[in-house]
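To start, the structure itself, in structure tokens.
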Amino acid sequence: MWDSIPLGPDDPILGMNTAYNKDTSKDKINLGVGAYRTEEGVPYVMNVVKKAEERLLHSKTVNKEYLSIGGLEEFNKHSAALIFGADRPALKEGRIATVQAISGTGALRVGAAFLATFRPADTAVYISDPTWSNHYKIFEHAGLKNQKKYRYFDSKTNGLDFKGMTEDISAAPAGSIILLHTCAHNPTGVDPSIDQWKQIIQIIKDKKLIAFFDTAYQGFATGDLVQDSMAVRLATDAGVELLASQSYSKNFGLYSERVGALNVLCSSSAVVTPVLSQLNLIIRPMYSNPPAHGARIVATILSDQELYNEWLEELKVMSGRIMTMRKQLHAALKQKGTPGNWDHILNQIGMFSYTGLNQEQCEKMIGTHKVYMLKNGRISMVGLTSKTVDKLASAIDDVVRNVPTKQSKV
């Protein structure tokens, strides 16, 4: 029965990780998957997470019963406060419908299904060019197949194409969905400024568009929770009805726990109950209800001031290490006299850097230098250490000098 099923393509990110694991080279570097590593190059479990788990282990009230369809109520309450702001009117007025989801991917998928249910079938979804490759499939599988790109990255400056972005969003028909990266844009690491966000949000409001914010790196981009969620808060203050997904993979290091949330900002508290009822109807046949352990960890930390403060300090250390790696890589390239302007390494933020290398150069980085990275030029800064910076800089220097650059973004 299954003999005629074709072999599916590897995921561009996870497939790269598989290739890295098969490589027997001793000096290989994995800059493909976006998972935090210490200066020693090993996975990191946050100390505050360990403390929360210890509390849960000895709790007399924690059990292994099913959660409700919408997830852990305390987790949902704190998730909404984290992204929208505990003191903001939208939260105080009870205008936010929040459900727990299977990390950010699951939150996007539930949100996409919600939009597909209550928007016309031909509703356009505008997605940044470039973006996280999984975005396209998530919306396609939900039934939103009319996907369009809006300009985002300027290859000449390795920065934001703000003019192109605003022109494309302005041209979107009313009711279109605009998918936005809340902070630390993946894969470019390029974010709009606060002033630019205000202009983008005003266009969305004026054109009666639907904003969907993908929030994967709050607190992990700059170390500042407010700064990293400012786009959502500005849109909320402007009166834009929106959706916002959240992932706790990066900022809590809970990659395998699959912890996330979906928020729908409503016009009034009266709308929240029917919205939640429809989200539950989507979740029930999809995965019934979410897992409890990771959500309990997050809720424990966010509800305890001492643990919360410790979490903030660890976030600052982690985001600080990323910036240190940026500075070291920039300095190494400058010291080698590598052709091109590499200031974008410093100017971009968050876990990833869009190097500007073309596909041919990336293939040599992987094949010759054993530096595993995406072929669009994206590298994960968290996979870098002080010991491997020079190897990476030498590899970049080699491919920039010796691989044809007619398609290069450098």
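The analysis underlying the following values was restricted to heavy atoms, covering all of them including side chains, and did not include hydrogens, waters or symmetry mates.
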Which residues pass the ring-ring contact (aromatic ring centres under 6.0 Å, His included) test with [X], sequence neighbours left out?
{"X": "Y152", "value": "H185"}
{"X": "F162", "value": "none"}
{"X": "Y150", "value": "none"}
{"X": "Y308", "value": "W311"}

Please tabulate, for the side chains in residues 139-147, all donor-acceptor contacts under 3.5 angstrom to protein atoms that are two or more places apart in sequence or on a different chain.
residue: N146; atom: ND2; partner: D122; partner atom: O; Å: 2.8
residue: Q147; atom: NE2; partner: Y136; partner atom: O; Å: 2.9
residue: Q147; atom: NE2; partner: L144; partner atom: O; Å: 3.2

Tell me, please, which residues at least two apart from [X] pass side chain to side chain donor-acceptor pair (under 3.5 Å).
{"X": "T182", "answer": "T215"}
{"X": "Y44", "answer": "E314"}
{"X": "S319", "answer": "none"}
{"X": "H344", "answer": "N158"}

Within residues 167-192 or reaching into it, pairs that qualify as salt bridge (charged side-chain N to carboxylate O under 4.0 Å, His left out) - sequence neighbours excluded: R151-E167, R151-D168, K163-E167
Summary of salt bridge (charged side-chain N to carboxylate O under 4.0 Å, His left out) pairs that have at least one residue in residues 383-393, sequence neighbours excluded: D27-K391, K336-D390
Euclidean distance, I210 CD1 relative to R119 CZ, rounded to 0.5 Å: 4.0 Å
Check residues 86-97 and write down every donor-acceptor pair under 3.5 Å in which the side-chain atom is one partner and the other belongs to a residue at least two apart or another chain.
residue: R88; atom: NH2; partner: D237; partner atom: OD2; Å: 2.5
residue: E93; atom: OE1; partner: R95; partner atom: NE; Å: 2.7
residue: R95; atom: NH1; partner: C266; partner atom: O; Å: 2.9

